[in-house]
Amino acid sequence: MKNIIFIAPPAAGKGTVSDYLVKNYNYEHLSTGDLLREVIKSGSEFGKEIDKIISSGNLVSDDVIIKLVSDKLKTLDESRPFILDGFPRTLNQAKSLDEMLVNLGITNNIAVYLDIDLEEALKRVLGRITCPKCKRSYNKNIEKLRPVNGNVCDDCNVELESRSDDNEETFKVRFSTYLENTSPIIDYYKERGILKSFDVRREPSVICEDVSLEANND
Ligand code: AMP
């Protein structure tokens with residue numbers, strides 16, 4: 001299976017597709033948002049700075065995030081394909097990522113673009129809940145993605161949580177930041193011939209199938 005670089009606005013379905021690929025194809029899921037939230041949890045001064053930036057809906061600086069990803073990529077298990085979720089978010093990050101992958105000899109990659117409009121993304125983001133233990137994603141506003149029992153994880157039986165930056169005000173900043181930065185990244189991967197686009201206004205299971213078929217395609 002090919003490694004997947006996700007390009008998608010918040011709430012386009014990256015979490016759901018990632019869960020599917022991890023479960024069914026043994027993908028390793030690397031989310032820069034999760035890495036940053038771990039830094040925040042540490043309670044350090046650096047974590048407090050990161051928290052302020054994330055809460056405002058803005059982007060963490062390229063230097064910080066590139067270092068985090070570069071360190072993490074070196075630790076990945078070479079025998080498993082990986083998903084990069086949330087990175088790159090700027091053209092500069094995309095170019096740095098290329099360098100990192102070349103240096104590590106990783107060539108089997110596709111960029112998966114999940115296209116969604118603001119209205120649909122907002123509806124999803126306001127319903128999004130995640131298991132703090134296994135990170136499985138659910139959505140109160142999408143019938144097929146609701147947890148079976150109220151607000152607890154189907155797998156772990158742990159209370160599900162929503163993210164503090166999943167509110168309307170922060171989300172609108174995050175979405176416009178995404179739009180501003182994304183077109184050049186899309187063009188960048190298109191030029192390299194590795195961009196694959198998916199229409200996300202379909203059943204989550206169909207989208208997951210489609211992405212996995214593409215990732216398995218030689
Ligand atoms: P996410 O969980 O991917 O929605 O990321 C949550 C927040 O973390 C974003 O709104 C940004 O503030 C920050 N973040 C995550 N990934 C990146 C990145 N590649 N570059 C800059 N900031 C990022």
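For ligands, and for the atoms within them, numbers begin at 1 and follow the listed sequence.
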**Study point:** Selected option - heavy-atom contact closest to atom 1 (P) of ligand 1, from R89, Q93, R174
**Key:** R89
**Study point:** Heavy-atom proximity to atom 13 (C) of ligand 1, best of L59, L36, T170
**Key:** L36
Just distances here: any N/O of [X] and N/O of ligand 1 closer than 3.5 Å?
X	answer
F87	no
D34	no
N58	yes
K14	no
R37	yes
R163	yes
V60	yes

For [X], the ligand 1 atoms whose distance to one of its heavy atoms is below 4.0 Å:
X	answer
G86	16 (N), 17 (C), 18 (C), 19 (N)
I65	17 (C), 18 (C), 19 (N), 20 (N)
T32	15 (C), 16 (N), 17 (C), 19 (N)

Review point. Any sub-3.5 Å donor-acceptor pair from R174's side-chain atoms to N58's backbone N or O?
Key: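 Such a contact is absent between R174 side chain and N58 backbone.
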**Study point:** Any I65 side-chain heavy atom under 4.5 Å of R89 side chain
**Key:** no
Checking [Y] against [X]: is there a side-chain donor and acceptor pair closer than 3.5 Å?
X	Y	value
N167	T170	yes
S55	D165	no
N92	T90	no

Check your understanding: Taking atom CG of N149 as the centre, does the number of heavy atoms from other residues, nucleotides or ligands within less than 6.0 Å exceed 12?
Key ->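 No.
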Point to revise | Heavy-atom neighbours of K135 NZ exceed 12 at 6.0 Å | key: yes
Point to revise | Intermediate values then yes/no, salt bridge (charged side-chain N to carboxylate O under 4.0 Å, His left out), K23 and D155 | key: CA-CA 12 Å; K23 254 194 194 148; D155 298 328; 3.7 Å; yes
